[in-house]
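Quick notes on the structure that follows.
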Amino acid sequence: MTTVTEVETVRGPVPTAELGTTLMHEHVFVLTPDSQANWSDEWDEETRIADAIEKLTALSAAGVRTIVDPTVDGLGRDIRRVARVNDAVPGLNIVPATGVYTYADVPGFFAERGPGALPDLPEPMVDLFVRDIRDGIQGTGIKAAFFKCAIDSHGLTRGVERVMRAVARAHAETGAPIMVHNRPAGNTMAEVRRVLGDEGVDPRRVQLAHVGDSTDVDLLAGLAEEGFLLGMDRFGIDAILGFEDRVATVVELCRRGWAHRMVLAHDASCYIDWVQPDLLPFLPNWNFLHIHEDVVPALLERGVTQEQVDQMLVGNPRDWFERT
Ligand SMILES: [Zn+2]
């Protein structure tokens, strides 16, 4: 049994004891590079980098020491760009990920490689994910610290399963933890439990992202009891679930004794090209400061203790990265 006491970040390894207040699911940029190159006149590199520096500096000034950024293939990951931003925000740790983000098919790049071409060929994603953890991302020395995959409204498609099993196998080789994007409305968590269980993954190493979109406290408590870490990670996306419902779910899970199985975040970005810009004003709380300004005060007001808040923002992120 081993315990890891350092976690890889964009600016190199950091002792897990120094992660401090951590938002467990935020993005610097979410981009569609192919579409950006073909259609967009929104992107100006220097403007966007300056804007990201400003937003992350404000986050750092609010006391957040670390953000965990699950931006991988499918979300426009460019680690050099993130490093440029991070260089100008020295008080903030950014923890990078490896993996593939898809709800349906594997990216075209993988379509006719490995088992996509012939069933008996090995899955190339496994070694690529391990390379990101061990050697670095995109030819840099910046190493990923965890894996990311997704399952959404299409359920367990062939492509989703390929990625999920590749992540599980790369996890078995490296020990780095796994974050899975879920769609609680479709109870995708049941498929995650089955596939990762089949691969021998310990639920305590798995973060179920976006389960905070659900108000089914019994379901969530059951997942916590199995050992999964619950991502209460979309505070501010009120169009999916409103503020009061999100808060009430965390309050009730704390009351039932599950503060040690929850993490908090916004799933926000400095810039995301997935959303029509003039619609963003309809999500005024979807920003990096909402938890500190609104959510934590509301939790404390409704009976959650400061100790439980610290558990969710400091203790649990640290535990998740300390492999045991
Ligand atoms: Zn996300």
Side-chain angles (χ1 to χ4, degrees), residues 9-10 22-33 36 48 52 55-56 59 64 66-79 81-82 85 92-104 107 129 132 137 144-154 160 163-164 167 176-186 188-189 192 206-214 228-241 246 262-276 279-280 283 285-291 295 312-313 316-317 320-321:
T9 77
V10 170
T22 301
L23 296 179
M24 200 60 141
H25 189 136
E26 311 292 350
H27 301 269
V28 181
F29 299 113
V30 174
L31 295 169
T32 320
Q36 278 283 347
R48 292 298 170 194
K55 286 172 176 157
L56 294 178
L59 172 69
V64 173
T66 303
I67 60 170
V68 175
D69 182 348
T71 305
V72 293
D73 180 355
L75 296 168
R77 184 181 67 169
D78 180 338
I79 204 69
R81 181 184 286 136
V82 174
V85 171
L92 186 70
N93 303 311
I94 302 176
V95 183
T98 185
V100 166
Y101 185 93
T102 180
Y103 297 168
F129 297 164
D132 277 6
I137 299 167
F146 67 104
F147 300 101
K148 172 76 179 296
C149 60
I151 177 168
D152 202 275
S153 50
H154 299 77
V160 163
V163 176
M164 201 177 289
V167 158
I178 301 171
M179 180 194 289
V180 188
H181 163 109
N182 278 278
R183 185 170 184 275
T188 54
M189 297 81 81
V192 174
V206 179
Q207 180 181 163
L208 297 173
H210 310 330
V211 293
D213 288 351
S214 170
F228 291 105
L229 186 61
L230 308 180
M232 316 307 279
D233 54 16
R234 280 177 156 176
F235 279 99
I237 311 188
D238 298 337
I240 295 177
L241 185 68
R246 289 185 189 276
M262 287 187 281
V263 288
L264 308 178
H266 310 92
D267 196 10
S269 317
C270 297
Y271 175 77
I272 177 168
D273 72 12
W274 289 28
V275 182
Q276 192 174 308
L279 294 179
L280 287 172
L283 291 171
N285 293 324
W286 197 29
N287 66 75
F288 295 132
L289 300 175
H290 180 47
I291 285 175
V295 175
M312 294 185 281
L313 286 174
N316 297 341
W320 194 61
F321 286 111

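Source: prediction; values computed, not measured. Whatever order the structure lists ligands and atoms in, that order sets their numbers, starting from 1.
Annotation: salt bridge (Lys or Arg N to Asp or Glu O under 4.0 Å) contacts involving residues 93-102, sequence neighbours excluded, are absent.
Side-chain polar atoms of N287 and H266 form no donor-acceptor pair below 3.5 angstrom. A donor-acceptor pair shorter than 3.5 Å cannot be found between the side chains of T9 and N93.
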Margin query: side-chain contact (heavy atoms from CB on, under 4.5 Å) for L59 and L23? Distances and angles first, verdict last.
Written below: CA-CA 10 Å; L59 172 69; L23 296 179; 3.7 Å; yes

Next item on the list: Go through the steps for H25 and D267 under the test side-chain hydrogen bond (donor to acceptor under 3.5 Å, both in side chains), then give the verdict.
Entry: CA-CA 5 Å; H25 189 136; D267 196 10; 3.1 Å; yes

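Contact check on R48 versus D273 returns no salt bridge, with no Lys/Arg side-chain nitrogen under 4.0 Å from an Asp/Glu carboxylate oxygen.
Take a cut-off of 2.8 Å around the Zn ion (ligand 1): the protein N, O or S atoms inside it are H25 NE2, H27 NE2, D267 OD1.
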